[in-house]
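Working notes, structure below.
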Amino acid sequence: MRTALSGLTTRGRCLLAAGFAAGVCAAVLNERDLLRVAAFVIALPLLAAWLATRARVGLHAARYLAPSRVPVGAASEVKLDLRSTGRLPTGGLMLEDTVPYALGARPRFLVERLPRNTPTTLRYPLKPVMRGVQQVGPLMARITDPFGLAEFDRELAGRSRLVVVPRVVRLAGLPGGSGMGAGDDGSVRLRAGQGEDDAVVRPFRQGDDLRKVHWRSTARRDELMVRVEERPWRGGTTVLLDHRLHAHRGSGPTASLEWAISFVASICLHLHHFGHQVRLVSEDGRVLAGGAADGGHSDHVVLDSLAALQASHRRELSGGTDPGAGQEVIAVLGGVSPASVDELVRYRPRGTRSLAVLLDVNAWAGGTDTPAPDPEDARRMLAGAGWGVAVARPSASMQQVWQELCASAGNRGPSVRSEVG
């Protein structure tokens, strides 16, 4: 009874109080007719509360998402199946499903009558605007009687998981001269034969160790030539994502970080399409996805890891090792300082292909954002270290940025040559 009385609305409580007052007056005045009215007024809200309580106990619901994994901007449909197992039909049922703001407004349904043991299906769409692992629910029901004297809230269904993966743009082309898509390792084979005179050499660049000068090739070509150290054969490409909060500007779906994540997802799926193994790492060297363990589900693994990725609070790039681990590298970077560029190239061998996309994050910045370093300074430093570089701005499409990167890969300078004898 206490539970039933707790569900009385203001109208029901006022009516109950009026009934008790009428009963007291009937006893004082010895009016039997007034006593009958008082008994009816008292019984009405109690009966309404009891009926609402019985209806609440017999309610059941289930939620289904189709599909439960969608890209940003795509639609997903939610289906709610309601059923009443009580002895009496349920009426005056208000339903509200809890939906995060990134998925849209909270849907509400008013069910005037829910027949016993007859399923009722409700549907509503979701169109996510932000990536992430979202929780839909719980589904709350507010049950009232026809007179509005009692109401009860009940959770009918728990939470359902909706994975919103980054938007993927279809790219065309591959960086020239790499092993991408050819089943090759993507790096230079460093021995042309078995003799000691066989060597892979290239022209001397500023900063090269003079101890690596190959004097026989230097005498033959009349220019300084250096020997490229043999490195172990490692197949695949490493895609590095700089997701530091300090390195990006903007907020919401139009932030530079969201653009970078979408571009990285597009690159990974594009390379997977050509049969290339892709290893996705963060700016601190942490592996986010990739490797032989992914098998045929590498696309889903990459997209799911990017869907749940949160911004890092690091101030600078600080891997401390070669981010590619001997593989080719495609780095997608936000605003990088000279110290971050130096940290990136310090452990990166010159003889291994390295590409970078620099986001001009100031173009994504809002009015209150502090300016980020000029990407042209980082471009010059990376190009001087032998990297192929492209600069991305929101005015350019991802395909245009990818084409610029592919072109820079083909124009990194003299190719490595194999000298025999």
Side-chain angles (χ1 to χ4, degrees), residues 173-238 240 276 285 317 319-331 333 336 338-358 376-391 404-421:
L174 290 171
S178 70
M180 297 178 181
D184 203 346
D185 59 346
S187 60
V188 181
R189 294 305 303 266
L190 300 169
R191 287 289 181 185
Q194 299 297 324
E196 292 185 359
D197 290 335
D198 295 347
V200 174
V201 296
R202 59 166 172 79
F204 178 85
R205 298 174 186 166
Q206 184 178 1
D208 286 339
D209 191 346
L210 291 176
R211 291 174 296 181
K212 298 179 181 178
V213 173
H214 192 257
W215 296 109
R216 181 172 299 181
S217 299
T218 297
R220 181 182 297 111
R221 306 187 64 87
D222 198 22
E223 63 173 323
L224 279 178
M225 306 292 289
V226 294
R227 182 191 300 269
V228 180
E229 292 182 348
E230 183 172 359
R231 298 187 61 81
W233 185 89
R234 297 175 184 267
T237 299
T238 294
L240 185 150
H276 204 67
L317 299 176
T321 58
D322 176 15
Q327 296 180 338
E328 293 181 342
V329 164
I330 300 177
L333 308 174
V336 287
S340 293
V341 176
D342 181 68
E343 179 72 21
L344 183 63
V345 304
R346 180 185 306 172
Y347 303 98
R348 189 69 185 150
R350 279 180 171 268
T352 309
R353 178 174 297 276
S354 303
L355 307 175
V357 175
L358 299 172
E376 294 301 327
D377 296 336
R379 181 206 281 267
R380 287 189 290 269
M381 294 180 64
L382 289 172
W387 288 56
V389 186
V391 176
E404 181 183 351
L405 186 66
C406 293
S408 70
N411 298 319
R412 291 192 311 140
S415 59
V416 177
R417 289 181 288 269
S418 175
E419 297 286 343
V420 181

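Quick note: numbers below take in every heavy atom, side chains included, and nothing from hydrogens, waters or symmetry partners.
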Trace of the side chain to side chain contact (heavy atoms under 4.5 Å, CB included) decision for Leu382 with Leu358
CA-CA 10 Å; Leu382 289 172; Leu358 299 172; 4.0 Å; yes
Can you tell me how far the CD atom of Glu328 sits from the NE2 atom of His276, to the nearest 0.5 Å?
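The distance works out to 5.5 Å.
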For the backbone of [Y] and the side chain of [X], can you confirm whether one donor and one acceptor N or O come within less than 3.5 Å of each other?
X	Y	result
Arg348	Arg353	yes
Thr218	Met225	yes
Ser408	Leu405	yes

Do the side chains of [Y] and [X] get nearer than 4.5 Å, heavy atoms only?
X	Y	value
Pro203	Glu223	yes
Leu240	Leu344	yes
Val357	Val391	no
Trp215	Leu224	yes
Val329	Leu355	no

salt_bridge(Arg379, Glu404) N-O dist < 4.0 Å:
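So Arg379 pairs with Glu404 through a salt bridge.
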Could you check whether Thr237 and Gln327, counting side-chain N and O atoms only, form a donor-acceptor pair closer than 3.5 Å?
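Side-chain D/A pair, Gln327 to Thr237: absent.
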Which pairs, with at least one residue in residues 380-389 and sequence neighbours excluded, count as a salt bridge (charged side-chain N to carboxylate O under 4.0 Å, His left out)?
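Passing the test, one end in residues 380-389: Asp377-Arg380.
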Over all atoms of both residues, closest heavy-atom pair of Pro175 and Cys406
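Shortest heavy-atom contact: N-SG, 3.5 Å.
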Nearest heavy-atom pair of Pro323 and Thr238: which atoms, and what distance?
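The pair with the smallest heavy-atom distance is O-CG2, 3.5 Å.
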